[in-house]
Amino acid sequence: MEHDLPELDSHDWFLALDAGHQALLRAGSELRQFEAGAYVTRRGEPSQHWIGVHAGLIKLAVYNADGRGATFSGVPAGGWCGEGSVLKRELRRYDVVAVRASSLLLVPAELFHRLLAESLSFNAYVIRQLNERMGQFIATIQNQRLLDVDAQVAQAIAQLFHPMLYPRTSSVLALSQEEIGMLTGISRQRVNLALGRLAELGLISIAWQAIRVVDLDGLRHYGVASL
DNA sequence: ACATTAAATTCGA
DNA sequence: TCGAATTTAATGT
C-alpha cells in the first residue's frame, strides 16, 4: 500500500522491530479518525484489528439494552488494546468507544499474528502488555473492595498514567467528570466531590472538561497507606 | 435534584 | 459572515 504512517514511530515496540516488519506494518496498518461517542468495534463483531490510540481517548465497555453500561478501562494516547480477542480469534466481548474525537491505528489481525510468529521482540512486548494489564485489573478490584471512594477516583486517574501501557499520557487529561464516573462506577456528583478534595490536597487541578495532574506520585499513594 | 455556566447551534442582519 | 440568542451539555452544591 501507499501508506507511510509516521505515527507508528512513536511506539517503542515498533522501533524495536526489524526493518522488514516495520515496512509490513506501515503498508498494512491504517490510521482512522473517530468522532466522540463513535463505536470503534462492537461487542460480538469479529476481532479484525489490534487497536492503538494515536491521539484521543477510547474506552472498553459493555452496554445493556436500556443504555446503562459499565466501563472496564480507558485507553489514552499511546495505549493499545484488543489484543486479547485478536489472539484468541474470537468475537469481541465488549464495545470499544471513542470517548472524544480520536485518531486510531488499526493493525489487521493477520499482521498481528504474523508478527507474533516471527518477531521475538514483539512477543516480549505483547507478553509484557498482557501481564501489565492483568496487574491493572487486579489493582482495580482491590481498589474497589478496599479503598474509599475518593481514593478510587485517585487511582482511576493515576492508572491512566501507567508508563508501560500508556507511555505518552499528557499531564492534562481531557476527560469529563461523567466519564470518570463511568470508569469508576461512581456517580458523577460523587466524582465531583472527590475531585474537589484531590484538588485541595494539591494532587490535581480542575479545569473545564479537563484535569491536570500535578502530583502523580501523590495520586498513586493517596488512600493506599493502610494496605 | 436543582442552579449555574460553558459550549454548540441557530437565526437574523 | 459575524454575533446575538437559544438550546444543549457539563459542572457545582
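First the proteins, then the strands, lettered A, B, ... as listed; each starts at 1.
Partners of A/Arg114 under the salt bridge (charged side-chain N to carboxylate O under 4.0 Å, His left out) rule, at least two apart in sequence or in another chain, are A/Glu118. A/Phe112 is linked by a ring-ring contact (aromatic ring centres under 6.0 Å, His included) to A/Trp50, A/Phe122, counting only residues two or more places apart in sequence or in another chain. Among residues two or more places apart in sequence or in another chain, the side-chain hydrogen bond (donor to acceptor under 3.5 Å, both in side chains) test is passed with A/Gln129 by A/Tyr125. For A/Asp217, there are no side-chain hydrogen bond (donor to acceptor under 3.5 Å, both in side chains) partners two or more places apart in sequence or in a different chain. Judged as a side-chain hydrogen bond (donor to acceptor under 3.5 Å, both in side chains), and not counting sequence neighbours, A/Arg128 has no contacts. A/Thr140 pairs by the side-chain hydrogen bond (donor to acceptor under 3.5 Å, both in side chains) definition with A/Gln159, not counting sequence neighbours.
Listed by first and then second residue, the side-chain hydrogen bond (donor to acceptor under 3.5 Å, both in side chains) pairs that reach into residues 205-215 of chain A come to none, sequence neighbours excluded.
Under a 4.0 Å N-O distance rule, the pair A/Glu35/A/Arg100 does not qualify as a salt bridge.
Applying a 4.0 Å cut-off to non-hydrogen atoms, the residues of residues 177-196 of chain A that approach DNA chain C are A/Gln177, A/Glu178, A/Arg188, A/Gln189, A/Asn192, listed by residue number.
Spacing between atom CG of A/Leu175 and atom C1' of C/dA10 amounts to 13 Å, rounded to whole angstrom units.
Taking every nucleotide of DNA chain B with any atom under 4.0 Å from a non-hydrogen atom of chain A, the first and last of them, 5' to 3', are B/dA1 to B/dA7.
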